[in-house]
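Quick note on labels: first sequence line is chain A, next is B, and so on, each numbered from 1.
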2 protein chains.
Amino acid sequence: MNKPTAAGELFTELVLEVFRVNGLALEAGDQLSEPVGLSSARWQVLGVVDHEPAPVANVARIMGLTRQSVQQTADALERDGFVEYLPNPHHRRAKLIALTPRGREALRKVEARHAAWANALGTEVDLKNLRAAVSGLRQVRERLEAHASASAHDARTGGPHDG
Amino acid sequence: MNKPTAAGELFTELVLEVFRVNGLALEAGDQLSEPVGLSSARWQVLGVVDHEPAPVANVARIMGLTRQSVQQTADALERDGFVEYLPNPHHRRAKLIALTPRGREALRKVEARHAAWANALGTEVDLKNLRAAVSGLRQVRERLEAHASASAHDARTGGPHDG
DNA sequence: GCCCAATTGACAGTAACCTGTCATGATGGC
DNA sequence: GCCATCATGACAGGTTACTGTCAATTGGGC
């Protein structure tokens with residue numbers, strides 16, 4: 001029959017809450033980065049190559065996105081002068097994404113604005129609740145990841161259906 | 001100076017965890033709805049008009065999206081025969097999105113699959129942790145919403161900056 | 001050294017969101 | 001009733017993600 005149980009409904013409620021917070025956080029990220037000419041996506045790429053220059057595919061793996069998405073963002077960042085492609089001594093084709101002075105300055109400004117934002121929000125939420133939310137979410141993520149890889153395995157092997 | 005505090009870092013960590021869970025939940029939603037020819041976005045629209053037929057702008061408000069996004073999804077759903085546009089007795093231009101028999105059947109199947117999924121996941125996470133995560137997230141969302149509307153107000157009035 | 005598989009960047013196309021703009025339709029002040 | 005205003009659908013265009021495909025490059029097996 002597959003009627004929702006109490007735990008199932010609570011789980012669904014958590015997911016809906018995650019959707020809302022996700023949207024609000026993205027919006028906040030865009031507002032934090034907009035004044036320096038960035039966006040959430042661009043900011044994240046700059047953050048990855050801040051530590052050390054890296055090729056597109058490398059950045060994509062770190063961010064959990066496809067090469068193609070990161071390529072598009074990186075090309076846009078190059079057009080706007082935030083990054084430049086440096087020759088890669090280890091790979092002729094896979095050029096390195098590197099921050100320009102302008103990119104580094106923009107990143108520093110966004111990080112300062114982000115810190116101020118997170119600090120302000122952090123003080124407005126009870127620390128105990130914050131910790132509980134983080135550890136609860138972590139547990140949920142682990143279960144979701146397990147389910148996702150199980151589904152992927154089923155898809156490969158023709159495993160369990162629920163048709 | 002704007003250096004991250006402990007609470008600020010914890011808050012940032014929560015947001016990153018939310019991003020990951022959001023991605024996994026969307027992926028799961030697509031997998032739940034894909035077998036009947038739907039996607040997360042389409043499923044959500046069907047869910048709204050299941051209760052009663054409604055015009056595009058109405059659905060958009062309920063979902064927290066723009067009219068234009070919902071219009072695109074609804075047009076696609078109509079092309080694929082999941083919904084039809086009914087004349088609206090109260091408004092000549094704003095036709096009503098209504099489920100077709102095919103749409104209703106697809107929605108029922110997705111809902112059954114969703115319930116099975118949520119029930120299974122719900123039993124795998126400690127109930128106490130689940131509740132803590134939901135209430136913690138709710139509190140965070142409220143603070144984010146307050147900040148967001150404050151920023152919007154600042155933008156309108158030329159209020160506080162932090163440059 | 002040579003070939004095959006994997007990796008990489010490039011390019012085309014799609015999905016789902018967004019903003020901006022416009023004409024049509026509804027609504028309330030007068 | 002008339003007109004300004006607002007709501008609505010439609011259309012154009014942009015962002016950020018995706019999949020699929022291709023040639024160039026790299027690197028391992030032989």
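In this structure, CH2 of Trp43(A) is placed 17 Å from C1' of dT16(D), rounded to the nearest angstrom. Between the C1' atom of dG9(C) and the CG atom of Leu65(A) lies a distance of 16 Å, rounded to the nearest Å. Atoms CG (Leu96(B)) and C1' (dA7(D)) sit 15 Å apart, rounded to a whole Å. The separation between Leu26(B) atom CG and dA15(C) atom C1' is 12 Å, rounded to whole Å. Distance Glu34(A) CD to dT15(D) C1': 14 Å, rounded to the nearest Å. Between the CZ atom of Arg79(B) and the P atom of dT14(C) there is a distance of 11 Å, given to the nearest Å. In this structure, CG of Asp75(B) is placed 13 Å from P of dA15(C), rounded to the nearest angstrom. Between the NE2 atom of His91(A) and the P atom of dG27(D) there is a distance of 7 Å, given to the nearest Å.
Atom CG of Leu14(B) sits about 6.0 Å away from atom CG of Leu137(B), to the nearest 0.5 Å.
Both His90(B) and Ser39(B) lie close to DNA chain C; mapped to their nearest nucleotides by heavy-atom distance, the more 5′-ward contact belongs to Ser39(B). Toward the 5′ end of DNA chain D lies the nearest nucleotide of Gln71(B), the other residue of the pair Thr66(A) and Gln71(B) mapping further downstream.
Side-chain N/O atoms of Ser69(B) include none lying less than 4.0 angstrom from OP1 or OP2 on dA16(C). Residue Thr73(A) places none of its side-chain N or O atoms closer than 4.0 Å to OP1 or OP2 of dT16(D). Residue Arg67(A) places no side-chain N or O under 4.0 Å from the OP1 or OP2 atom of dG20(D). Side-chain nitrogen and oxygen atoms of Lys95(A) include at least one within less than 4.0 Å of the OP1 or OP2 phosphate oxygen of dA10(C).
Taking a cutoff of 4.0 Å between a charged side-chain nitrogen and a carboxylate oxygen, Arg20(A) and Glu17(A) qualify as a salt bridge. Here Glu105(B) pairs with Lys109(B) in a salt bridge; the nearest charged N to carboxylate O distance falls below 4.0 Å. A salt bridge does not link Arg113(A) to Glu34(A): none of the charged nitrogens lies less than 4.0 Å from a carboxylate oxygen.
Across all strands, Ser40(A) comes closer than 4.0 Å to no nucleic acid atom at all (heavy-atom distances). Residue-level contact check: Arg93(B) touches the bases, meaning some heavy atom is under 4.0 Å from a base atom. Within the nucleic acid shown, Arg92(B) comes within 4.0 Å of sugar-phosphate atoms alone, with no base atom in reach, counting heavy atoms only.
Under the side-chain contact (heavy atoms from CB on, under 4.5 Å) rule, Leu77(A) has a single partner from Val83(A), Leu99(A), Val49(A), which is Val83(A).
Which of dT8(C), dC17(C), dT8(D) sits closest to the side chain of Gln72(B) comes down to dC17(C). Nearest to the side-chain atoms of Gln68(A) among the listed nucleotides dA26(C), dT8(C), dC11(C) stands dC11(C). For Val56(A), counting side-chain heavy atoms from C-beta on, the closest listed nucleotide (dC17(C), dG25(C), dG9(C)) is dG9(C).
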